[in-house]
Protein chains: 2
Amino acid sequence: MSDRVILSSRTPSPVLVVGSVAYDNIETPKAKGERILGGSASYVSLAASFFAPTRMVGVVGRDFAASDLARLSGRGICLEGLQHDLTGDTFFWAGKYHENYNRRDTTDIRLNVFEHYKPVLPDSYRSTPFVVLGNISPSLQSHVLDQTVGKPFVIADSMDLWMEIARADLLKLLPRVDLFILNDSESEMLTGESNVFLAGPAIQKLGPKLVIIKKGEHGSILFHPEGLHFVPASPVTDLQDPTGAGDSYLGALAGVLAALGDSSHLSLKRAMSYASATASMTVEAFSTTRLESAGVSAIQARHDDLRRMVSH
Amino acid sequence: MSDRVILSSRTPSPVLVVGSVAYDNIETPKAKGERILGGSASYVSLAASFFAPTRMVGVVGRDFAASDLARLSGRGICLEGLQHDLTGDTFFWAGKYHENYNRRDTTDIRLNVFEHYKPVLPDSYRSTPFVVLGNISPSLQSHVLDQTVGKPFVIADSMDLWMEIARADLLKLLPRVDLFILNDSESEMLTGESNVFLAGPAIQKLGPKLVIIKKGEHGSILFHPEGLHFVPASPVTDLQDPTGAGDSYLGALAGVLAALGDSSHLSLKRAMSYASATASMTVEAFSTTRLESAGVSAIQARHDDLRRMVSH
């Protein structure tokens with residue numbers, strides 16, 4: 001077992017994570033990274049692994065390096081649900097960030113083995129109490145939920161693409177989601193509301209009782225029946241690569257809820273602070289490098305700094 | 001005496017406010033306002049008046065309406081320092097906001113009596129312990145400080161214009177300032193740093209021990225030797241006119257410090273929450289209307305909501 005942040009005396013519940021596993025080529029104003037480990041499932045799982053046992057569901061191709069598998073299993077992530085499809089290569093994405101890092105262009109994308117991928121949950125995963133539907137198509141996200149048993153707490157991410165090309169599927173998924181996480185531009189795209197305080201409640205009407213709208217460097221807001229909660233982004237002075245920040249936030253959030261074993265208002269608040277702290281690690285290096293090397297004491301210290309920043 | 005938010009059992013210290021008094025024509029995507037009361041000193045003083053006795057220094061022209069004087073004195077603001085220059089009209093500004101309210105253009109500006117104005121402090125104002133240098137030229141701000149006696153706590157605002165055309169004057173002023181407040185685009189203009197966590201410390205090196213960088217709807221950050229502090233913006237669902245939000249923040253901040261009678265880290269934190277709450281009132285209507293009508297219980301309620309939003 002890898003080291004974890006200890007949040008409670010109870011045994012942490014496990015987290016199931018589904019999403020993409022990818023090799024990325026990334027160009028920022030400062031540097032380039034080639035064929036680096038990426039994909040939503042990689043970031044989400046690594047972040048979650050700092051808080052709770054993590055089960056990863058996804059697919060990799062014949063080119064996927066044993067050393068990258070070792071990086072995931074090295075953090076104690078269960079890879080039983082990771083399919084190896086030897087008929088093709090791993091999903092590949094290339095992107096380029098603009099000067100201010102606020103915009104990025106996709107310069108190349110090859111679905112490869114992801115094109116015909118249908119997630120299959122191993123039997124041992126089906127009753128996992130916390131399920132993270134990372135950013136894949138909403139129909140695949142629904143397909144994963146169909147395979148679960150019991151009533152897991154379901155956290156889902158999405159992206160602008162699905163709001164454009166698979167809106168009906170997404171709207172069918174949302175009533176099955178407990179907590180939907182998206183960023184401010186996506187919340188505007190989904191609801192037509194540019195004001196997040198109007199967009200949040202509009203999304204709650206689509207199904208999820210709980211909504212978190214992320215505003216990047218400006219923090220994140222929870223819409224909860226018991227009240228709003230706001231958490232700033234952890235200060236970052238050496239931004240290297242924003243890729244995976246949202247996924248790391250998502251993973252840490254789910255990991256903390258699983259560690260605490262509930263999804264109360266208070267647990268969600270605690271989870272958001274850890275999520276913000278963990279996401280700030282990811283952006284300080286390319287790929288998952290900084291996240292992997294972070295260590296529980298660095299995450300805890302950043303979390304404590306963040307809490308101090310908003311406390312009297 | 002007008003009603004005030006009671007923050008402490010001590011008698012509040014007075015606040016001295018210098019800035020512009022103006023008539024504004026404002027056009028937003030939703031509505032228009034013509035010849036409405038504006039100017040930095042008006043907003044700062046009205047906001048401060050909810051917390052501490054407020055002394056206003058500025059100039060108005062022959063067209064300034066008695067009813068507008070009554071609005072200021074109706075909030076208990078001392079107008080002994082407000083000059084009436086009958087040789088011309090009151091400073092006039094016209095501006096138009098773009099669709100998202102994040103940009104505005106100045107469409108007309110007439111300095112009128114402000115053109116040759118030199119602030120003169122009445123003798124009774126000279127030893128005011130809290131001094132707010134609202135947004136006027138840094139040489140006029142320095143001229144006001146020259147007339148003070150003792151060691152007041154000095155809070156200063158500025159704007160992009162002075163950073164462009166009066167940078168040397170501003171750099172001469174800053175070492176005399178205890179707390180400098182500016183927004184994120186101004187902090188980048190002043191330091192060349194787009195990352196606020198780098199810009200803040202860079203501004204501290206220019207003189208002020210304390211710096212607050214405002215990020216509009218995304219909240220504000222205090223740079224303090226004892227640590228960063230972050231306060232979100234109070235949620236606003238019915239934005240009408242952003243004009244004066246920054247000035248209202250500034251006034252409430254100064255008012256709270258004066259009410260508490262010190263500028264400790266804790267007092268600054270408390271002041272920032274009230275500043276955020278008060279500024280959110282201003283933007284819900286044109287001019288100072290909503291701010292004037294707010295009432296202490298509405299400000300207190302919004303402050304309490306804001307504190308709840310960040311607390312566990």
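Per chain, numbering begins at 1; letters A, B, ... match sequence-line order.
Ranked by heavy-atom pairs under 4.5 Å with chain B, the list A/Glu217, A/Arg270, A/Met272, A/His265 is led by A/Arg270. Counting heavy-atom pairs closer than 4.5 Å to chain B, the top residue among A/Arg308, A/Glu193, A/Lys215 is A/Lys215.
Using a 4.5 Å heavy-atom cutoff, the side chains of A/Pro235 and B/Phe230 are not in contact. Considering only heavy atoms from C-beta on, A/Leu268 stays 4.5 Å or farther from A/His229 through its side chain. Side-chain contact check for A/Arg4 versus A/Pro12: some heavy-atom pair is nearer than 4.5 Å.
Proximity to chain B (any heavy atom under 4.5 Å) is shown, for A/Val310, by both the backbone and the side chain. Of the two parts of A/Val236, only the backbone, made up of N, CA, C and O, holds a non-hydrogen atom closer than 4.5 Å to a non-hydrogen atom of chain B. Of the atoms belonging to B/Ser194, not a single heavy atom falls under 4.5 Å from chain A. Interface residue A/Leu266: only side-chain heavy atoms are found under 4.5 Å from chain B.
Exactly one of A/Asp247, A/Asn135, A/Ile155 qualifies for a side chain to side chain contact (heavy atoms under 4.5 Å, CB included) with A/Val44. That residue is A/Asp247.
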Please lay out, stage by stage, how B/Tyr101 and B/Val283 fare under the test side-chain contact (heavy atoms from CB on, under 4.5 Å). CA-CA 11 Å; B/Tyr101 282 93; B/Val283 305; over 6 Å; no
